[in-house]
Amino acid sequence: MSSNQDIRERLEKISLFEAIRSHSDYMEELERICRIRGYKKGETIIREGELGDEMFIVLNGGVEILKRTRAGDNYTVVGLKAEDNVFFGELALIDDDKRSATVVAAMDSEFLVISKKDFLELGDRNSAIGLPVTRAIAKIIASRLRKTTVDMLTIFDALVSEIRGE
């Protein structure tokens, strides 16, 4: 089990919290809404297509992010390890949509878990915490949208070239 010091150190390394990490009281409030949850190797943490209302920060261990193809097969998108200061499920803090991928514990792992309810209540109590974190999530969404646009144009160009026989 991780100590409070381990939790604080991990939170301070997470990019979502960059704008508030220099404020000790803000980080303390954030730490208070975190719950520790463990998963054994092979356990599913998040299932693609299901509704979710929690964000996960890898405290110890690692995960594999899986996507399902249209044919129903799973493929590994990426592996993430605690030492890379990674998190997933952050969109669930601000929306009510289905999970976009499955996440499986690649080894016995511990996570800091933040629920949407707790995050929203924290933001209502202290907008100086909620607003910068929400802005960081918005930047992630904008970046993914730009990448998707580029990917779609690449696919479109390849399709046009194939049709033209180039």
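In this chain, residues are counted from 1 in sequence order. Because the structure is a prediction, the values reported are computed rather than measured.
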Treat each ILVMFWY residue as a node, draw an edge where side-chain heavy atoms are under 4.5 Å apart, and state whether [X] and [Y] are in one component.
X: Met107; Y: Val77; value: no
X: Val104; Y: Phe111; value: no
X: Ile94; Y: Leu131; value: no

Can you find a pair of side-chain heavy atoms, one from [X] and one from [Y], that are under 4.5 Å apart?
X: Glu50; Y: Ile46; value: no
X: Met27; Y: His23; value: no
X: Leu16; Y: Met55; value: yes
X: Val103; Y: Leu80; value: no
X: Arg35; Y: Glu54; value: no
X: Lys117; Y: Asp53; value: no
X: Leu91; Y: Asp97; value: no

Taking all heavy atoms of [X] and all of [Y], pick out the closest pair and write down the distance.
X: Leu59; Y: Ala82; answer: O-CB, 3.5 Å
X: Glu31; Y: Leu11; answer: CA-CD1, 3.7 Å
X: Ala92; Y: Gly52; answer: CB-O, 3.5 Å
X: Pro132; Y: Ile129; answer: CD-O, 3.3 Å

How far does [atom1] of [X] sit from [atom2] of [Y], to the nearest 0.5 angstrom?
X: Ile33; Y: Leu122; atom1: CD1; atom2: CG; result: 4.5 Å
X: Arg47; Y: Leu66; atom1: CZ; atom2: CG; result: 10.5 Å
X: Ser109; Y: Lys81; atom1: OG; atom2: NZ; result: 10.5 Å
X: Leu51; Y: Lys98; atom1: CG; atom2: NZ; result: 7.0 Å
X: Phe119; Y: Ile137; atom1: CZ; atom2: CD1; result: 5.0 Å
X: Ile36; Y: Leu112; atom1: CD1; atom2: CG; result: 6.0 Å

Quick one: does [X]'s side chain have a donor or acceptor within less than 3.5 Å of a partner on [Y]'s backbone?
X: Lys67; Y: Ser100; value: yes
X: Lys116; Y: Asp95; value: yes
X: Arg21; Y: Ile14; value: yes

Query - Audit row: Lys13, Glu9, salt bridge (Lys or Arg N to Asp or Glu O under 4.0 Å) steps and yes/no - result: CA-CA 7 Å; Lys13 292 177 181 175; Glu9 286 175 8; 5.2 Å; no

Query - Derivation of the side-chain contact (heavy atoms from CB on, under 4.5 Å) call for Asp84 and Val58 - result: CA-CA 9 Å; Asp84 297 325; Val58 185; over 6 Å; no

Query raised in the report: Phe56 vs Phe88 aromatic rings, parallel, tilted or perpendicular, using cut-offs 30° and 60°?
Result: parallel

